[in-house]
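Below is one structure, written out as structure tokens; comments come after it.
Note that the structure is predicted; figures quoted are calculated from it, not measured. We use all heavy atoms of the structure for the numbers below, so side chains are in, but hydrogens, waters and symmetry mates are not.
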Amino acid sequence: AQSVTQLGSHVSVSEGALVLLRCNYSSSVPPYLFWYVQYPNQGLQLLLKYTTGATLVKGINGFEAEFKKSETSFHLTKPSAHMSDAAEYFCALNTGGFKTIFGAGTRLFVKA
Amino acid sequence: GAVVSQHPSRVICKSGTSVKIECRSLDFQATTMFWYRQFPKKSLMLMATSNEGSKATYEQGVEKDKFLINHASLTLSTLTVTSAHPEDSSFYICSAQQGLGYNEQFFGPGTRLTVL
């Protein structure tokens, strides 16, 4: 069965510091992996996605993620946090079918 | 990216009434649309998957008679919450994708339903 685990329901960083949001997955077939961001009372916005090819994926707003098959991980990073990055982040997995499985989410707090 | 709209963005209704939420793909034809429910500070829970012109496929535990889904065209899907109760209060999000199998999903902005 496929699953997505996000380590840490809350992450707090200072403005300008590195952002690291962790995501591990379980899949019996090669996965498609996604990171979404959600601001309060809004839908989800795609930050980046990995389907095939290069394992380091760059997304919007300076975020990037690296697909590591050996570690079954797809952690999201950003070198320097900005106040506007404060939001809820969801890691998600799709195995080529209709259903996308979401992680529980990680709320990112950015301190001034 | 493609744009998906939802209407209304917020709705407050009395217990026992029915509420319809619309999901539209504005600039592409959506073969498949998804309806999610999100509880406060929780992840998205898939309620059902709908394909244009056919009956929706509901996830286990979702009452199909309570949450009626209609995907009448390639750009419109509706979710009707029938005989709403306070416990139906939630944030409902739709998404849409082109084609069959895997394709990127585009999410609507969500609808906040409050049942008094």
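Closest of all the heavy-atom pairs between B:Phe91 and A:Gln38 is CE2-NE2, 3.8 Å. When all heavy atoms are compared, the tightest approach of A:Phe90 to B:Gln38 is CZ-NE2, 3.5 Å. In terms of heavy atoms, A:Leu44 sits closest to B:Phe107 at O-CB, 3.5 Å.
Note: B:Met45 CE to A:Phe102 CZ = 13.0 Å, rounded to the nearest 0.5 Å.
Atom CZ of A:Arg22 is surrounded by 12 or fewer heavy atoms from other residues, nucleotides or ligands within 6.0 Å. Shown here is B:Lys66, whose NZ atom has more than 12 heavy atoms of other residues, nucleotides or ligands within 6.0 Å. Shown here is B:His85, whose NE2 atom has more than 12 heavy atoms of other residues, nucleotides or ligands within 6.0 Å.
By the 4.5 Å heavy-atom criterion applied to side chains, A:Asn41 and B:Arg10 are counted as neighbours.
At distances below 3.5 Å, at least one donor-acceptor pair connects side-chain atoms of B:Ser43 with backbone N or O atoms of A:Gly103.
For A:Tyr39, no part sits under 4.5 Å from any heavy atom of chain B, backbone or side chain. Of the atoms belonging to B:Gln6, not a single heavy atom falls under 4.5 Å from chain A.
The hydrophobic clustering, which links ILVMFWY residues whose side-chain heavy atoms are closer than 4.5 Å, places A:Val29 and A:Phe74 apart. Following chains of ILVMFWY side-chain contacts shorter than 4.5 Å, one can reach A:Leu108 starting from A:Met83, so the two form part of one hydrophobic cluster. Hydrophobic clustering, with ILVMFWY side chains joined whenever heavy atoms are under 4.5 angstrom apart, groups A:Tyr25 together with A:Trp35.
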